[in-house]
Amino acid sequence: MDFELSDEESLLRDTVRGLCDQQVRPHAQAWDGARALPPELLPELGQMGLLALEVPEDEGGAGLSAVAASALVEEVAAADGALAELVVAHNYRGLARVRAGLSEAIRAAELPGLVAGERFVTAAEPAAIRSQGAEALRVTAASGEGEGEGEGWGLNGRVEHALGAALADRLVVLARSDAGPTAWLVDTAAAGVERTPVRTLGARAAGTAHVVLSGVRVTEAQRLGRPGSALDDAAAGWPGIDVASAAVACGLARGALEVAAAYAQEREQFGRPIARFQAIQWKLADMGTELDAARLLTRRAAWARDAGRPAAETAGAAARARLFAASMATRACSEALQIHGGYGYTREYPVERSLRDARHHEGSHGARMRLRLAEAIAARFAG
Amino acid sequence: MFDVSPNDAQRAVAQAARRFATEVLEPSAARLDREGGFPRDVLLAAAKAGLCGVNVPAELGGQEAGVVAYSLAITETARACAATTVALCVTNMVSEVVAHFGNADQRTHWVPRLCSGELSVGAFALSEAGAGSDPGGMRTTATRTDEGWVIEGSKLWITSGTDAGLFVVWARTSDAPGTRGISTFLVGGDTPGLVRGKPEHKMGLNGSTTTAIDFEGCEVGPEALLGEEGRGFPVAMMALDGGRVGIASQALGIGLRATELAIDYAREHEGPGAPLRGEQWAQWGLADSATELDAARLLTLRAAWLKEQGTPFSREASIAKVFSTERAFRACGRALEVMGAAGSDEAAGVERRFRDVRVSMIYEGTSEVQRIVISRDILRRFASA
């Protein structure tokens, strides 16, 4: 197992860190307040390859290993959790599925813009499909619906709390159909697509929205994968999503730790920097230790993806990383806020946003990942 | 004996507070969070309902219902709106401080007007930019003149700073170091030289204003001195002991409501795999929250009861505060876990509780300060055994 980045990857990471320090971190709190990102930001990240992390270079992507990709996601998250959520959504929920399943008919028209990051894509699917499967789907596809032609489908239904949906150009939509759960690539400008922004605890600039589809026309060319294969196709992407999600958590915790460690050495009470008190030292020590553990779990899972380890091993490693990292980030960000005292509760300092982003990110993942791990253990030790 | 079940009078106060919370606070709490500002009309209505002087003598306009009743009432209002509740906590604390430490003139001049809402609310001006957990770092001074005192300096984190009609202010009146040489003053909100800062933008409690207060050549008469000159620090510490019971009660209310909302959600929604109410991961979380909040309630009521008996309760107040606030925060996190993405949506009202409750681990003495108080007391007892 080797988690070291190559010279080239290290250079890219340093470049991303520089960009984040100069152009992201100073504005992240304002973007959070405005609940929006500047529109040019995502295309700019796209030019650096951040919106095609694991796409081969000859296809226009950054051509990174999963290990290196997780390091870059961590960099972005250390500066701005909302932006990191969008990077992950585009790469792992959207682009990975489109690349794997898009028909030749519209591949040349659709893919380059998504790989370049000129267009943003994510999936509009309920989190519960992992455990409930097709039962969780609230969108149905009816064949022949709409005007004239018989070969199209009409999509009807809704997806709630879809992160990134408000600013997406394309959405991967999973729907129930006669053939079983099937996915389509939907243009958000198409007639019948309605998006309602949702005000959320964290990741406020990440464009979370409820999506309502009313008779949205899709063709066979827009279908991703085979009819009825959408759940299997989605499942193939879960380890990638889990590793990237864990990397976001690592970045959130790291950003908060860096800020808190610096603050603790500046802030004086009782005639000395508060960093000289054990109450503060212990917090910082625990934060650093847990962050190290989370990052190693994350890199190990990324390595398993790169090394092509057996599917069960990779999925298990990814779920463990996400399980540990998600709650670790909330703890670390809460302690970072505590170290700042009253100042930490104000929006003048970034730690309150880190805590909101981390708790938002954590969601129900603890339970979801444990369920996955329980299933894996049951399968391994069956009869 | 400490009796955990409230008596009829205490229960009546709690029921009235719950009615007020349900009818007046709850309907506007989400909007108040979104738009910010100071809920002046709501607080006036709270005063009319007796909530600004629950543990204040009736002859001064209070309810004279005791500390346990006060704790129960605060928990009820906090279930609906934590922001309005913190203004209530501070104004009750200020009323009690003046009623306890003030002379006859001070008591009759200020307390009835605090209880009636005429002064809007009271405020507590102890912290400064460089004096948070360490009040001994205070720099604000009060200098004696022929006409009284001149206060110079700057205070920070003043709850209700935009609207309060009375400020209890701590300032140095001698060169004695640390916490010696600090005195307490009662300064009306309209006193020239008292300059209200702009409200801080915060993670939560957006319906409560938090400001700096600058004192620029602020002249007050000799009657402004509360208690003895140079004996201000013990006044602040005694006030904070009582204040901690209030904040423990507030956090408890927030945690209880977040848990109830998660329970309602779990009854009606599917989780990963099965209906949430049938999932052990959700059941276990809710069970832990219920257990911890029950313990928080008992610790808080014990501290309230001790204060009501007139016995020392400093350690118990700190124990109640650190436990109740930290476990209420945890309960709000668990509620979010049970509800997933729906919990993070403002519309559900749980993320507001998560943001609001977080500051309770900081104000009225951080969790770290509570642990200092508790450990000092434990070590002192252990040494004398």
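Convention: sequence-line order gives letters A, B, ...; per-chain numbering from 1.
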Going from NE2 on A/His210 to CG on B/Asp345, what distance comes out if it is rounded to the nearest 0.5 angstrom?
5.0 Å

Tell me whether A/Glu135 at atom CD has more than 12 heavy atoms from other residues, nucleotides or ligands lying less than 6.0 Å away.
no

Between A/Tyr343 and B/Ala129 the two heavy atoms that sit nearest each other are OH-O, 3.1 Å

Sidechain-backbone polar pair: A/Arg359 side chain, B/Gly333 backbone, donor-acceptor under 3.5 Å
yes

Counting heavy atoms not belonging to A/Arg93, are there more than 12 under 6.0 Å from its CZ?
no

With a 3.5 Å distance limit and no angle check, can you tell me whether A/Tyr345 reaches the backbone of B/Gly204 through a side-chain donor-acceptor pair?
yes

Among A/Gly271, A/Gly366, A/Gly363, A/Gly344, which residue has the highest count of heavy-atom pairs closer than 4.5 Å to chain B?
A/Gly363

Taking the side chain as every heavy atom from C-beta outward, state whether A/Thr200 and B/Glu351 have any atom pair closer than 4.5 Å.
no

Please look at B/Ser367 and chain A and tell me whether the side chain, the backbone, both or neither of the residue comes under 4.5 angstrom of a heavy atom of that chain.
both

Checking heavy atoms, do the side chain of B/Ile372, its backbone, both or neither come under 4.5 Å from chain A?
neither

Partner chain A: residue of B/Glu200, B/Arg352, B/Met361 with the largest heavy-atom pair count (under 4.5 Å):
B/Met361

Give me the atom names and distance for the closest heavy-atom approach of B/Ser344 to A/His360.
OG-ND1, 3.0 Å

Take atom CD of A/Gln281 as the centre, draw a 6.0 Å sphere, and report whether it contains more than 12 heavy atoms from other residues, nucleotides or ligands.
yes

Using non-hydrogen atoms and a 4.5 Å limit, figure out which bit of A/Arg267 sits close to chain B: side chain, backbone, both or neither.
side chain

For A/Gln269, is it the side chain, the backbone, both or neither that has a heavy atom under 4.5 Å from a heavy atom of chain B?
both

Using 0.5 Å steps for rounding, measure from the CE atom of B/Met203 to the CG atom of A/Leu355.
4.0 Å

Minimal non-hydrogen separation, A/Ser364 against B/Gly340, with atom names
OG-CA, 3.0 Å

Toward chain A, the part of B/Ala348 with a non-hydrogen atom under 4.5 Å:
neither

Where does A/Phe277 contact chain B at under 4.5 Å (heavy atoms): side chain, backbone, both or neither?
neither

Counting heavy-atom pairs under 4.5 Å with chain B, the top scorer among A/Glu352, A/Arg199, A/Arg347 is A/Arg199

Top contributor to chain A contacts, counting heavy-atom pairs under 4.5 Å, from B/Val350, B/Leu336, B/Val338:
B/Leu336

Taking every heavy atom of B/Ser133 against every heavy atom of A/Phe270, the minimum-distance pair comes out as O-CZ, 3.4 Å

Where on A/Arg331 is there a heavy atom nearer than 4.5 Å to chain B: the side chain, the backbone, both, or neither?
neither

Check whether any side-chain heavy atom of A/Gln338 lies under 4.5 Å from a side-chain heavy atom of B/Glu368, and answer yes or no.
yes

Selection from A/Gly341, A/Ser334, A/Ala279 maximising heavy-atom pairs under 4.5 Å formed with chain B
A/Ser334

For chain A, which candidate among B/Arg34, B/Met339, B/Arg371 shows the most heavy-atom pairs at distances under 4.5 Å?
B/Arg34

